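First the structure, in the form of C-alpha coordinates, and then the observations on it.
Computed from a predicted structure; not experimentally measured.
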Amino acid sequence: MYDVVKELADIHITSFPYSKGWREIINNNIFLSDIQKKYFEGKSINDLNLENNTPLDWLNRYYSVLDKDQEQINMSTLFLNAENMFEPFSDLKKLDGHSDLLDILITITPGIEKKLLHSSVDLPNRYNAKISKLTDNAMAQFIEGKALEYIGRKNFQTKSETLPDFFEAILKFFSKNKELSAQLFPTLYNERSKLHSNSFSEELNQIGDIITEKEISLTSLKQIVSSDQLLATLIGDEENLSTEMIQKLSHIVSSTPYSGKIFESLIERSISDVYTEFVKNPNYKVPDTIEKWKSSQLSKTVFPVKKESRTLYVVIRPSDGDRIIFYEDQEIDVLSNATFELWTDNGTDVRQITLGDILKTTQITEVPLKKLF
(Lines give C-alpha, C1' and ligand atoms only; values in the text may rest on other atoms or scores of the structure.)
Protein backbone atom coordinates (compact mmCIF):
# COMPACT_ATOMS: atom_id res chain seq x y z
CA MET A 1 0.00 0.00 0.00
CA TYR A 2 2.89 2.37 0.78
CA ASP A 3 4.16 2.21 -2.83
CA VAL A 4 0.69 3.12 -4.12
CA VAL A 5 0.06 6.02 -1.74
CA LYS A 6 3.49 7.64 -2.13
CA GLU A 7 2.80 8.21 -5.86
CA LEU A 8 -0.01 10.66 -5.06
CA ALA A 9 1.56 14.08 -5.50
CA ASP A 10 -0.37 15.88 -2.78
CA ILE A 11 0.29 13.27 -0.07
CA HIS A 12 3.67 13.79 1.59
CA ILE A 13 4.96 10.83 3.56
CA THR A 14 8.39 9.93 4.82
CA SER A 15 10.49 7.04 3.56
CA PHE A 16 9.16 3.56 4.19
CA PRO A 17 11.42 2.57 7.16
CA TYR A 18 10.13 5.58 9.15
CA SER A 19 6.53 5.66 7.93
CA LYS A 20 5.09 3.45 10.67
CA GLY A 21 6.63 5.50 13.47
CA TRP A 22 5.49 8.83 12.05
CA ARG A 23 1.99 7.47 11.48
CA GLU A 24 1.69 6.61 15.18
CA ILE A 25 2.98 10.04 16.23
CA ILE A 26 0.74 12.21 14.00
CA ASN A 27 -2.21 9.78 14.02
CA ASN A 28 -2.68 10.17 10.26
CA ASN A 29 -3.63 6.78 8.85
CA ILE A 30 -4.50 6.65 5.13
CA PHE A 31 -6.96 3.98 4.07
CA LEU A 32 -7.72 2.71 0.57
CA SER A 33 -11.31 3.90 1.03
CA ASP A 34 -9.95 7.43 1.59
CA ILE A 35 -8.35 7.32 -1.85
CA GLN A 36 -11.69 6.28 -3.36
CA LYS A 37 -13.51 9.23 -1.82
CA LYS A 38 -10.87 11.88 -2.43
CA TYR A 39 -9.49 10.93 -5.85
CA PHE A 40 -12.18 8.84 -7.59
CA GLU A 41 -15.62 10.01 -6.51
CA GLY A 42 -17.16 12.15 -9.30
CA LYS A 43 -13.79 12.49 -11.03
CA SER A 44 -11.89 11.46 -14.12
CA ILE A 45 -8.60 9.59 -14.37
CA ASN A 46 -7.20 12.80 -15.86
CA ASP A 47 -7.66 14.44 -12.46
CA LEU A 48 -5.08 12.12 -10.87
CA ASN A 49 -1.86 13.93 -10.00
CA LEU A 50 0.92 11.36 -9.76
CA GLU A 51 4.64 11.67 -9.11
CA ASN A 52 6.34 9.08 -11.32
CA ASN A 53 3.74 6.83 -12.89
CA THR A 54 1.17 6.74 -15.66
CA PRO A 55 -2.42 6.89 -14.35
CA LEU A 56 -3.51 3.49 -15.72
CA ASP A 57 -0.43 1.67 -14.41
CA TRP A 58 -0.91 3.23 -10.99
CA LEU A 59 -4.64 2.47 -11.02
CA ASN A 60 -4.10 -1.23 -11.75
CA ARG A 61 -1.61 -1.43 -8.89
CA TYR A 62 -4.18 0.25 -6.64
CA TYR A 63 -6.88 -2.28 -7.58
CA SER A 64 -4.47 -5.15 -6.94
CA VAL A 65 -3.71 -3.86 -3.43
CA LEU A 66 -7.39 -3.17 -2.82
CA ASP A 67 -8.32 -6.75 -3.70
CA LYS A 68 -5.82 -8.12 -1.18
CA ASP A 69 -7.03 -5.73 1.50
CA GLN A 70 -10.75 -6.56 1.17
CA GLU A 71 -12.24 -9.64 2.78
CA GLN A 72 -15.06 -9.61 0.23
CA ILE A 73 -15.84 -7.56 -2.86
CA ASN A 74 -17.56 -4.22 -2.38
CA MET A 75 -20.16 -3.47 -5.06
CA SER A 76 -19.77 0.28 -4.45
CA THR A 77 -16.04 0.24 -5.20
CA LEU A 78 -15.29 2.78 -7.92
CA PHE A 79 -13.75 1.49 -11.15
CA LEU A 80 -12.75 3.34 -14.30
CA ASN A 81 -15.26 3.29 -17.16
CA ALA A 82 -14.74 3.60 -20.94
CA GLU A 83 -15.23 7.39 -20.70
CA ASN A 84 -12.33 7.67 -18.21
CA MET A 85 -14.70 8.43 -15.34
CA PHE A 86 -15.11 6.45 -12.10
CA GLU A 87 -18.35 4.52 -11.59
CA PRO A 88 -19.56 2.00 -8.95
CA PHE A 89 -18.70 -1.60 -9.77
CA SER A 90 -22.37 -2.56 -9.56
CA ASP A 91 -23.18 -0.25 -12.51
CA LEU A 92 -20.49 -1.54 -14.86
CA LYS A 93 -20.31 -4.25 -17.50
CA LYS A 94 -17.21 -5.73 -19.12
CA LEU A 95 -16.94 -6.11 -22.89
CA ASP A 96 -16.53 -9.80 -23.67
CA GLY A 97 -17.03 -9.82 -27.42
CA HIS A 98 -16.33 -8.08 -30.74
CA SER A 99 -15.52 -4.38 -30.47
CA ASP A 100 -17.21 -3.95 -33.89
CA LEU A 101 -20.50 -5.03 -32.33
CA LEU A 102 -19.95 -2.50 -29.56
CA ASP A 103 -19.44 0.22 -32.20
CA ILE A 104 -22.79 -0.71 -33.72
CA LEU A 105 -24.40 -0.61 -30.30
CA ILE A 106 -22.99 2.85 -29.62
CA THR A 107 -24.73 4.27 -32.71
CA ILE A 108 -28.14 3.54 -31.20
CA THR A 109 -27.35 3.58 -27.48
CA PRO A 110 -25.72 6.90 -26.59
CA GLY A 111 -24.05 6.82 -23.18
CA ILE A 112 -23.43 3.07 -23.16
CA GLU A 113 -19.69 3.66 -22.66
CA LYS A 114 -20.46 5.16 -19.26
CA LYS A 115 -21.59 1.69 -18.18
CA LEU A 116 -18.58 -0.14 -19.62
CA LEU A 117 -15.41 -1.02 -17.73
CA HIS A 118 -12.32 0.61 -19.25
CA SER A 119 -10.56 -1.94 -21.47
CA SER A 120 -7.14 -1.29 -19.86
CA VAL A 121 -8.26 -1.95 -16.30
CA ASP A 122 -6.87 -5.22 -14.91
CA LEU A 123 -9.85 -6.40 -12.93
CA PRO A 124 -8.91 -8.51 -9.86
CA ASN A 125 -10.06 -12.12 -10.16
CA ARG A 126 -12.84 -11.87 -7.58
CA TYR A 127 -14.32 -8.82 -9.30
CA ASN A 128 -13.85 -10.34 -12.73
CA ALA A 129 -15.90 -13.37 -11.70
CA LYS A 130 -18.72 -11.13 -10.46
CA ILE A 131 -18.99 -8.45 -13.16
CA SER A 132 -21.72 -8.61 -15.80
CA LYS A 133 -20.37 -9.43 -19.26
CA LEU A 134 -21.42 -7.77 -22.50
CA THR A 135 -21.14 -10.76 -24.84
CA ASP A 136 -21.52 -11.14 -28.60
CA ASN A 137 -24.87 -12.86 -28.15
CA ALA A 138 -26.22 -10.14 -25.86
CA MET A 139 -25.13 -7.33 -28.18
CA ALA A 140 -26.36 -9.11 -31.30
CA GLN A 141 -29.74 -9.84 -29.76
CA PHE A 142 -30.25 -6.18 -28.87
CA ILE A 143 -29.01 -4.93 -32.26
CA GLU A 144 -31.15 -7.40 -34.19
CA GLY A 145 -34.23 -6.51 -32.17
CA LYS A 146 -33.78 -2.79 -32.83
CA ALA A 147 -33.05 -3.26 -36.54
CA LEU A 148 -36.06 -5.52 -37.08
CA GLU A 149 -38.21 -3.04 -35.18
CA TYR A 150 -37.16 -0.23 -37.52
CA ILE A 151 -37.51 -2.12 -40.80
CA GLY A 152 -40.86 -3.54 -39.69
CA ARG A 153 -42.44 -0.12 -39.32
CA LYS A 154 -44.75 1.35 -41.91
CA ASN A 155 -43.24 4.14 -44.04
CA PHE A 156 -39.89 2.66 -43.13
CA GLN A 157 -37.93 4.31 -45.94
CA THR A 158 -38.64 7.85 -44.73
CA LYS A 159 -37.85 6.97 -41.15
CA SER A 160 -34.67 5.08 -42.10
CA GLU A 161 -33.04 8.31 -43.22
CA THR A 162 -32.17 8.96 -39.57
CA LEU A 163 -30.47 5.56 -39.22
CA PRO A 164 -27.77 5.36 -41.94
CA ASP A 165 -24.86 4.94 -39.52
CA PHE A 166 -26.62 2.12 -37.67
CA PHE A 167 -27.50 0.18 -40.81
CA GLU A 168 -24.15 0.80 -42.49
CA ALA A 169 -22.28 -0.47 -39.42
CA ILE A 170 -24.39 -3.65 -39.40
CA LEU A 171 -23.81 -4.25 -43.11
CA LYS A 172 -20.05 -3.77 -42.72
CA PHE A 173 -19.99 -6.30 -39.88
CA PHE A 174 -21.97 -8.76 -42.01
CA SER A 175 -19.53 -8.29 -44.88
CA LYS A 176 -16.46 -8.91 -42.71
CA ASN A 177 -17.94 -11.75 -40.61
CA LYS A 178 -20.31 -13.75 -42.79
CA GLU A 179 -20.41 -17.05 -40.86
CA LEU A 180 -20.47 -15.39 -37.45
CA SER A 181 -23.18 -12.97 -38.60
CA ALA A 182 -25.40 -15.81 -39.75
CA GLN A 183 -25.07 -17.36 -36.27
CA LEU A 184 -25.52 -14.19 -34.23
CA PHE A 185 -28.26 -12.63 -36.39
CA PRO A 186 -30.37 -15.60 -37.57
CA THR A 187 -33.24 -13.43 -38.78
CA LEU A 188 -31.65 -10.11 -39.70
CA TYR A 189 -28.81 -11.64 -41.73
CA ASN A 190 -31.31 -13.28 -44.09
CA GLU A 191 -33.15 -9.96 -44.44
CA ARG A 192 -30.05 -7.76 -44.73
CA SER A 193 -31.16 -6.41 -48.12
CA LYS A 194 -33.79 -4.39 -46.25
CA LEU A 195 -31.01 -2.46 -44.50
CA HIS A 196 -29.95 -0.89 -47.80
CA SER A 197 -31.40 2.38 -49.06
CA ASN A 198 -33.81 2.67 -51.99
CA SER A 199 -31.01 3.99 -54.20
CA PHE A 200 -28.85 0.97 -53.44
CA SER A 201 -31.70 -1.39 -54.22
CA GLU A 202 -32.21 0.37 -57.56
CA GLU A 203 -28.48 0.11 -58.38
CA LEU A 204 -28.62 -3.57 -57.43
CA ASN A 205 -31.53 -4.08 -59.81
CA GLN A 206 -29.56 -2.40 -62.60
CA ILE A 207 -26.57 -4.65 -61.94
CA GLY A 208 -28.92 -7.62 -62.04
CA ASP A 209 -30.24 -6.49 -65.40
CA ILE A 210 -26.71 -6.22 -66.79
CA ILE A 211 -25.76 -9.66 -65.46
CA THR A 212 -28.87 -11.15 -67.05
CA GLU A 213 -28.32 -9.32 -70.35
CA LYS A 214 -24.67 -10.33 -70.60
CA GLU A 215 -25.33 -13.84 -69.24
CA ILE A 216 -22.63 -13.45 -66.59
CA SER A 217 -22.60 -16.13 -63.90
CA LEU A 218 -22.23 -15.23 -60.22
CA THR A 219 -18.90 -17.10 -60.14
CA SER A 220 -17.56 -15.05 -63.05
CA LEU A 221 -18.70 -11.81 -61.44
CA LYS A 222 -16.92 -12.68 -58.19
CA GLN A 223 -13.72 -13.44 -60.13
CA ILE A 224 -13.89 -10.04 -61.85
CA VAL A 225 -14.46 -7.88 -58.78
CA SER A 226 -12.03 -9.83 -56.58
CA SER A 227 -9.13 -9.77 -59.06
CA ASP A 228 -6.73 -6.91 -58.31
CA GLN A 229 -4.71 -7.76 -61.42
CA LEU A 230 -7.74 -7.62 -63.71
CA LEU A 231 -8.91 -4.31 -62.23
CA ALA A 232 -5.40 -2.86 -62.64
CA THR A 233 -5.36 -4.01 -66.27
CA LEU A 234 -8.74 -2.44 -66.97
CA ILE A 235 -7.76 0.88 -65.39
CA GLY A 236 -4.38 0.97 -67.11
CA ASP A 237 -5.54 -0.08 -70.57
CA GLU A 238 -6.42 3.43 -71.71
CA GLU A 239 -5.86 2.70 -75.40
CA ASN A 240 -8.60 0.07 -75.63
CA LEU A 241 -11.15 1.68 -73.29
CA SER A 242 -13.26 4.75 -73.87
CA THR A 243 -12.76 7.81 -71.64
CA GLU A 244 -16.22 7.30 -70.16
CA MET A 245 -15.46 3.67 -69.28
CA ILE A 246 -12.11 4.57 -67.70
CA GLN A 247 -13.81 7.21 -65.55
CA LYS A 248 -16.51 4.76 -64.47
CA LEU A 249 -13.99 2.05 -63.62
CA SER A 250 -11.78 4.53 -61.77
CA HIS A 251 -14.78 5.71 -59.73
CA ILE A 252 -15.74 2.13 -58.85
CA VAL A 253 -12.22 1.07 -57.92
CA SER A 254 -11.41 4.27 -55.98
CA SER A 255 -14.15 3.48 -53.46
CA THR A 256 -12.84 -0.03 -52.74
CA PRO A 257 -9.95 -1.36 -50.63
CA TYR A 258 -8.18 -2.02 -53.95
CA SER A 259 -7.31 1.64 -54.42
CA GLY A 260 -5.86 1.79 -50.91
CA LYS A 261 -3.66 -1.23 -51.59
CA ILE A 262 -2.36 0.30 -54.83
CA PHE A 263 -1.55 3.65 -53.18
CA GLU A 264 0.20 1.99 -50.23
CA SER A 265 2.39 -0.14 -52.50
CA LEU A 266 3.28 2.79 -54.78
CA ILE A 267 4.16 5.20 -51.97
CA GLU A 268 6.29 2.60 -50.17
CA ARG A 269 8.14 1.88 -53.42
CA SER A 270 8.70 5.59 -54.08
CA ILE A 271 9.96 6.27 -50.54
CA SER A 272 12.42 3.37 -50.85
CA ASP A 273 13.64 4.47 -54.31
CA VAL A 274 14.08 8.13 -53.32
CA TYR A 275 15.93 7.09 -50.14
CA THR A 276 18.30 4.93 -52.23
CA GLU A 277 18.88 7.91 -54.55
CA PHE A 278 19.76 10.16 -51.59
CA VAL A 279 22.18 7.57 -50.17
CA LYS A 280 24.07 7.57 -53.50
CA ASN A 281 23.96 11.35 -53.92
CA PRO A 282 26.85 13.09 -52.04
CA ASN A 283 24.87 16.34 -51.82
CA TYR A 284 22.26 14.75 -49.54
CA LYS A 285 22.57 13.26 -46.07
CA VAL A 286 19.99 10.85 -44.65
CA PRO A 287 20.07 8.37 -41.71
CA ASP A 288 21.93 5.11 -42.27
CA THR A 289 18.71 3.07 -42.45
CA ILE A 290 15.37 3.78 -44.10
CA GLU A 291 13.61 2.82 -40.85
CA LYS A 292 15.36 5.66 -39.01
CA TRP A 293 14.44 8.05 -41.82
CA LYS A 294 10.79 6.98 -41.64
CA SER A 295 10.75 7.55 -37.88
CA SER A 296 11.46 11.26 -38.49
CA GLN A 297 8.81 11.80 -41.20
CA LEU A 298 6.37 14.69 -40.81
CA SER A 299 3.60 12.78 -42.58
CA LYS A 300 3.33 9.73 -44.77
CA THR A 301 5.07 11.48 -47.67
CA VAL A 302 7.05 14.36 -46.11
CA PHE A 303 10.61 13.74 -44.87
CA PRO A 304 13.45 15.92 -43.52
CA VAL A 305 16.82 15.72 -45.27
CA LYS A 306 20.21 17.48 -45.01
CA LYS A 307 21.52 19.16 -48.15
CA GLU A 308 24.85 20.96 -47.95
CA SER A 309 24.50 21.23 -44.14
CA ARG A 310 21.04 22.79 -44.49
CA THR A 311 17.80 21.08 -43.40
CA LEU A 312 15.02 20.99 -45.95
CA TYR A 313 11.86 18.96 -46.43
CA VAL A 314 11.19 16.53 -49.22
CA VAL A 315 7.74 15.64 -50.54
CA ILE A 316 7.72 12.20 -52.16
CA ARG A 317 4.99 11.21 -54.61
CA PRO A 318 4.59 8.36 -57.10
CA SER A 319 4.50 9.59 -60.69
CA ASP A 320 3.05 6.49 -62.32
CA GLY A 321 0.99 7.31 -65.38
CA ASP A 322 3.00 10.55 -65.72
CA ARG A 323 0.82 12.20 -63.05
CA ILE A 324 1.47 13.59 -59.58
CA ILE A 325 -1.50 13.99 -57.23
CA PHE A 326 -1.31 15.68 -53.83
CA TYR A 327 -3.63 14.35 -51.14
CA GLU A 328 -2.44 15.55 -47.74
CA ASP A 329 -2.55 19.04 -46.20
CA GLN A 330 1.02 18.56 -44.91
CA GLU A 331 2.25 18.22 -48.50
CA ILE A 332 0.70 21.54 -49.53
CA ASP A 333 2.04 23.22 -46.38
CA VAL A 334 5.57 22.00 -47.08
CA LEU A 335 5.40 23.00 -50.74
CA SER A 336 4.46 26.51 -49.55
CA ASN A 337 7.75 26.65 -47.65
CA ALA A 338 10.97 27.97 -49.15
CA THR A 339 13.00 24.97 -47.97
CA PHE A 340 11.37 22.12 -49.87
CA GLU A 341 12.04 19.79 -52.77
CA LEU A 342 9.57 17.61 -54.66
CA TRP A 343 10.84 14.16 -55.64
CA THR A 344 8.98 11.59 -57.73
CA ASP A 345 9.41 7.97 -58.73
CA ASN A 346 7.55 5.86 -61.29
CA GLY A 347 9.24 2.55 -60.57
CA THR A 348 11.99 3.22 -63.11
CA ASP A 349 13.19 6.80 -62.78
CA VAL A 350 13.75 8.85 -59.62
CA ARG A 351 13.93 12.58 -60.23
CA GLN A 352 13.43 15.97 -58.63
CA ILE A 353 10.57 18.09 -60.01
CA THR A 354 11.24 21.84 -60.04
CA LEU A 355 8.92 24.81 -60.45
CA GLY A 356 10.31 25.21 -63.97
CA ASP A 357 9.31 21.61 -64.79
CA ILE A 358 5.77 22.28 -63.57
CA LEU A 359 5.45 25.54 -65.52
CA LYS A 360 6.71 23.93 -68.73
CA THR A 361 4.50 20.84 -68.39
CA THR A 362 1.32 22.72 -67.53
CA GLN A 363 2.14 25.57 -69.97
CA ILE A 364 1.35 28.15 -67.28
CA THR A 365 2.67 31.55 -68.42
CA GLU A 366 0.84 33.80 -65.97
CA VAL A 367 0.37 33.44 -62.20
CA PRO A 368 -2.16 35.74 -60.41
CA LEU A 369 -0.74 36.89 -57.06
CA LYS A 370 -3.82 38.45 -55.46
CA LYS A 371 -4.81 35.32 -53.56
CA LEU A 372 -1.26 34.47 -52.49
CA PHE A 373 -0.73 37.37 -50.10
Item to complete: Tell me, please, which residues at least two apart from Lys43 pass side chain to side chain donor-acceptor pair (under 3.5 Å).
Response: none
Item to complete: Please name all residues satisfying side-chain contact (heavy atoms from CB on, under 4.5 Å) with Asp91, sequence neighbours left out, ordered by chain then number.
Response: Glu87, Pro88, Lys115
Item to complete: Would you check if Leu312 and Val305 make a side-chain contact, meaning some heavy-atom pair closer than 4.5 Å?
Response: yes
Fill in: ring-ring contact (aromatic ring centres under 6.0 Å, His included) evaluation trace for Tyr275 with Phe303
CA-CA 10 Å; Tyr275 174 80; Phe303 294 79; 9.1 Å; no
Worksheet entry | Test salt bridge (Lys or Arg N to Asp or Glu O under 4.0 Å) applied to Lys130 - qualifying residues, sequence neighbours left out | none
Discussion item. Quick check on Asn283: does its CG atom have over 12 non-hydrogen neighbours (other residues, nucleotides or ligands) under 6.0 Å away?
Written reply: yes
Worksheet item: Rounded to the nearest 0.5 Å, how far apart are CG of Leu134 and NZ of Lys93?
Response: 6.5 Å
Worksheet item: Got a sec, which residues hit side-chain contact (heavy atoms from CB on, under 4.5 Å) with Glu41, two or more places apart in sequence or on another chain?
Response: Lys37, Leu78
Worksheet entry | Criterion side-chain contact (heavy atoms from CB on, under 4.5 Å) on Ile290 and Ser272, from CA distance to verdict | CA-CA 7 Å; Ile290 191 170; Ser272 177; 4.2 Å; yes
Fill in: Inter-residue atom distance Glu277.CD - Trp343.CH2, 0.5 Å rounding
5.0 Å
Worksheet item: Who passes side chain to side chain donor-acceptor pair (under 3.5 Å) against Lys178, sequence neighbours left out?
Response: none
Worksheet entry | Heavy-atom closest pair, residues Pro304 and Ser296 | CD-O, 3.4 Å
Item to complete: Name all residues meeting the side-chain contact (heavy atoms from CB on, under 4.5 Å) criterion together with Lys306; count only those two or more places apart in sequence or in a different chain, and write none if there are none.
Response: Lys285, Thr311
Worksheet item: Can you name the nearest heavy-atom pair linking Ile143 to Leu101, along with the distance?
Response: CD1-O, 3.7 Å
Item to complete: Any chance you could measure Ile271, atom CD1, to Arg269, atom CZ, to the nearest 0.5 Å?
Response: 11.0 Å
Item to complete: Step by step, work out the side-chain contact (heavy atoms from CB on, under 4.5 Å) result for Glu268 and Lys294.
Response: CA-CA 11 Å; Glu268 287 300 322; Lys294 286 183 177 180; 2.8 Å; yes
Discussion item. Counting the benzene-type ring for Trp, do Phe86 and Tyr39 have ring centres under 6.0 Å apart?
Written reply: no
Scan the side chains in residues 103-113 for donor-acceptor partners under 3.5 Å anywhere in the protein, sequence neighbours excluded, and list what turns up.
residue, atom, partner, partner atom, Å
Thr107, OG1, Ile104, O, 2.5
Thr109, OG1, Leu105, O, 3.1

Worksheet item: Can you list the residues that meet the side chain to side chain donor-acceptor pair (under 3.5 Å) rule with Thr187, with sequence neighbours excluded?
Response: none
Worksheet item: Mind checking what makes salt bridge (Lys or Arg N to Asp or Glu O under 4.0 Å) contact with Lys133, not counting sequence neighbours?
Response: none
Worksheet item: Among the clusters formed by ILVMFWY side chains lying less than 4.5 Å apart, do Met85 and Phe79 turn up in the same one?
Response: no
Practice prompt. Take His118 and Asn81 through the side-chain contact (heavy atoms from CB on, under 4.5 Å) test and state the conclusion after the steps.
Written response: CA-CA 4 Å; His118 195 288; Asn81 70 11; 5.9 Å; no
Worksheet, complete the sentence: For Ser270 and Pro318 the tightest heavy-atom approach is OG-CA, 3.5 Å
Item to complete: Please say which of Asn60, Leu117, Leu92 ends up in a side-chain contact (heavy atoms from CB on, under 4.5 Å) with Leu123.
Response: Leu117
Worksheet item: Roughly how far, to the nearest 0.5 Å, is OG of Ser175 from CZ of Arg192?
Response: 9.5 Å
Practice prompt. Step by step, work out the side-chain contact (heavy atoms from CB on, under 4.5 Å) result for Lys172 and Phe167.
Written response: CA-CA 9 Å; Lys172 283 184 178 179; Phe167 292 149; over 6 Å; no
Worksheet item: Roughly how far, to the nearest 0.5 Å, is the CD1 atom of Ile45 from the CD atom of Glu83?
Response: 14.0 Å
Worksheet entry | Tyr127 ring center near Phe89 ring center (under 6.0 Å) | yes
Discussion item. One pair to check against side chain to side chain donor-acceptor pair (under 3.5 Å): Thr77 and Tyr63. What are the steps and the verdict?
Written reply: CA-CA 10 Å; Thr77 298; Tyr63 287 136; over 6 Å; no
Fill in: Result of checking Val314, Ile316, Ile353 against Leu342 for side-chain contact (heavy atoms from CB on, under 4.5 Å)
Ile353
Worksheet item: Excluding sequence neighbours, so at least two apart, what forms salt bridge (Lys or Arg N to Asp or Glu O under 4.0 Å) with Asp288?
Response: Lys292
Fill in: Residues Lys307, Glu341: salt bridge by 4.0 Å N-O rule
yes
Worksheet, complete the sentence: Applying salt bridge (Lys or Arg N to Asp or Glu O under 4.0 Å) to Glu191 and not counting sequence neighbours gives Lys194
Practice prompt. Look at the side chain of Asn84 and the backbone N and O of Leu80, then say whether any donor-acceptor pair between them is shorter than 3.5 Å.
Written response: no
Discussion item. For Ser76 and Asn74, which I'm curious about, is there any donor-acceptor pair between the side chains at under 3.5 Å?
Written reply: yes
Item to complete: Report the residues that fulfil ring pair (Phe, Tyr, Trp, His ring centres under 6.0 Å) with His98, sequence neighbours left out, ordered by chain and then residue number.
Response: Phe173
Discussion item. Are Leu102 and Leu116 packed together at the side-chain level, in the sense that at least one heavy-atom pair is separated by less than 4.5 angstrom?
Written reply: yes
Fill in: Heavy-atom check, side chain of Phe174 versus side chain of Leu195, under 4.5 Å
yes
Worksheet item: Nearest 0.5 Å, what's the CD1-CG distance between Ile151 and Leu188?
Response: 5.5 Å
